[in-house]
Amino acid sequence: MEGSHSSHRRKGRRNQDPDVQLSKLLSYALRHGANELGLPMGPDGFVPVSFLLSLHQFRSFSQSDIERVVSCNDKQRFTIRTSEHEGILEIRANQGHSIKVEVELTPLGADLPPQAIHGTYLHHWPSILRCGLSRMKRTHIHLSTQLPGEGEGVISGMRRDCEVAIFIDLPKAISDQIPFFWSANHVLLTPGNADGVLLPKYFLKVLQLRPHRKLLDHE
């Protein structure tokens, strides 16, 4: 039985869209796996594309594949540039790092978005209600200004398959000196409090999205 499950997983990976597979590989390498993979990552998170392509995980992909995935990604997860000094093509993840990098972040300022929402899954909700939203091993908690499917062309920090939407009271959190930033691809980020947490007292409302919409008790 276990062999059948393993075979099914391998078959699923083989049948996965190559661009989706490449995007996932890039996300892991550039957000979390730099040390494990031995990437020559700069302090700003950029890595030479040629070095990535030399790794066995990327052996079936080309530079043009990476350029296409970056340009077509609807959430603009990555940035590609030609380095000023060496003229080589480099790539980085725009946010979501669990490793320390110095990406450009813009403080939120006085012009607040109409809403700030964190998407999660129903089985996480009891723990979040008790302890708050944690950045976990990442450097920031990701927030969206739109629910999935709202706002054509809007870049969202929320997965489309999220089951719960937690609306954050930005003015209250900001008044408690919790910082918020825009990432380079306009995702709203916060490191949370000193413990890396947004406490439940900052939850305005909590909306269950699936299997049907209803408000959840968050008091």
Side-chain angles (χ1 to χ4, degrees), residues 23-49 51-52 57 69-70 73-81 83 90-109 112-113 115-121 124-125 127-128 130-146 154-160 162 164-203:
S23 181
K24 289 181 176 180
L25 285 171
L26 288 170
S27 291
Y28 172 74
L30 299 173
R31 291 175 171 178
H32 315 294
N35 294 332
E36 177 187 341
L37 298 173
L39 298 181
M41 179 176 283
D44 54 3
F46 278 97
V47 171
V49 170
F51 193 95
L52 277 177
Q57 293 95 329
V69 164
V70 171
N73 188 273
D74 60 350
K75 294 189 177 182
Q76 296 180 19
R77 291 186 175 97
F78 314 105
T79 293
I80 274 188
R81 73 177 185 188
S83 64
E90 299 177 322
I91 184 172
R92 78 157 179 212
N94 285 325
Q95 83 279 321
H97 301 86
S98 60
I99 51 180
K100 186 173 178 59
V101 297
E102 298 172 5
V103 297
E104 296 89 356
L105 298 176
T106 304
L108 183 57
L112 304 184
Q115 54 189 4
I117 314 164
H118 179 82
T120 187
Y121 300 98
H124 292 317
W125 171 237
S127 174
I128 292 172
R130 289 194 308 273
C131 305
L133 282 171
S134 172
R135 69 184 185 222
M136 307 296 286
K137 294 181 179 180
R138 295 190 175 191
T139 54
H140 294 96
I141 299 164
H142 291 207
L143 302 170
S144 175
T145 59
Q146 299 280 350
V154 172
I155 298 169
S156 173
M158 187 185 303
R159 292 176 60 99
R160 294 182 184 276
C162 286
V164 176
I166 302 171
F167 291 74
I168 304 300
D169 188 338
L170 281 179
K172 184 175 182 179
I174 291 170
S175 71
D176 287 345
Q177 306 303 310
I178 293 180
F180 291 83
F181 305 93
W182 293 114
S183 70
N185 61 332
H186 212 65
V187 171
L188 190 57
L189 306 172
T190 177
N193 62 15
D195 297 318
V197 174
L198 271 180
L199 294 171
K201 67 179 180 178
Y202 301 121
F203 299 170

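Sequential numbering from 1 along the given sequence is applied to the chain's residues.
Side-chain atoms of Thr79 and Asn94 form a donor-acceptor pair, as typed in the model, at a separation below 3.5 Å.
Thr106 has its side chain out of reach of Phe181: every pair of non-hydrogen atoms, C-beta onward, lies at least 4.5 Å apart. Side chains of Leu198 and Ile178 form a contact here, defined as non-hydrogen atoms less than 4.5 Å apart. Counting heavy atoms from C-beta on, the side chains of Thr120 and Cys162 never come closer than 4.5 Å. Two residues are said to be in side-chain contact when any heavy atoms from C-beta on lie closer than 4.5 Å; Leu143 and Thr190 meet this criterion. In this structure, Ile117 and Ile168 have side chains that are not in contact, with every pair of non-hydrogen atoms separated by 4.5 Å or more.
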Result block: side-chain N/O donor-acceptor pairs under 3.5 angstrom for residues 131-139, not counting sequence neighbours:
from	atom 1	to	atom 2	distance (Å)
Ser134	OG	Met136	N	3.0
Arg135	NH1	Pro191	O	2.8
Thr139	OG1	His97	O	3.4

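Remark: side-chain polar atoms of Asp195 are not paired, donor with acceptor, to backbone N or O of Val197 under 3.5 angstrom. His140 places no side-chain N or O within donor-acceptor distance of the main-chain N or O of Gly96, the cut-off being under 3.5 Å. For the pair Arg31 (side chain) and Gln95 (backbone), a donor-acceptor distance under 3.5 Å is present. With hydrogens and angles ignored, the 3.5 Å screen pairs a side-chain donor or acceptor of Arg92 with a backbone N or O of Asp44. Remark: side-chain polar atoms of Ser183 are paired, donor with acceptor, to backbone N or O of Val187 under 3.5 angstrom.
The side-chain tip of Arg81 points at the ring of Phe46 from less than 6.0 angstrom away and within 45° of straight on.
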| message | Run Leu37 and Leu52 through side chain to side chain contact (heavy atoms under 4.5 Å, CB included) and show every step you take. | response | CA-CA 9 Å; Leu37 298 173; Leu52 277 177; 5.7 Å; no
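In this view, Asp169 satisfies the salt bridge (Lys or Arg N to Asp or Glu O under 4.0 Å) rule with no residue, not counting sequence neighbours. For Lys172, there are no salt bridge (Lys or Arg N to Asp or Glu O under 4.0 Å) partners two or more places apart in sequence or in a different chain.
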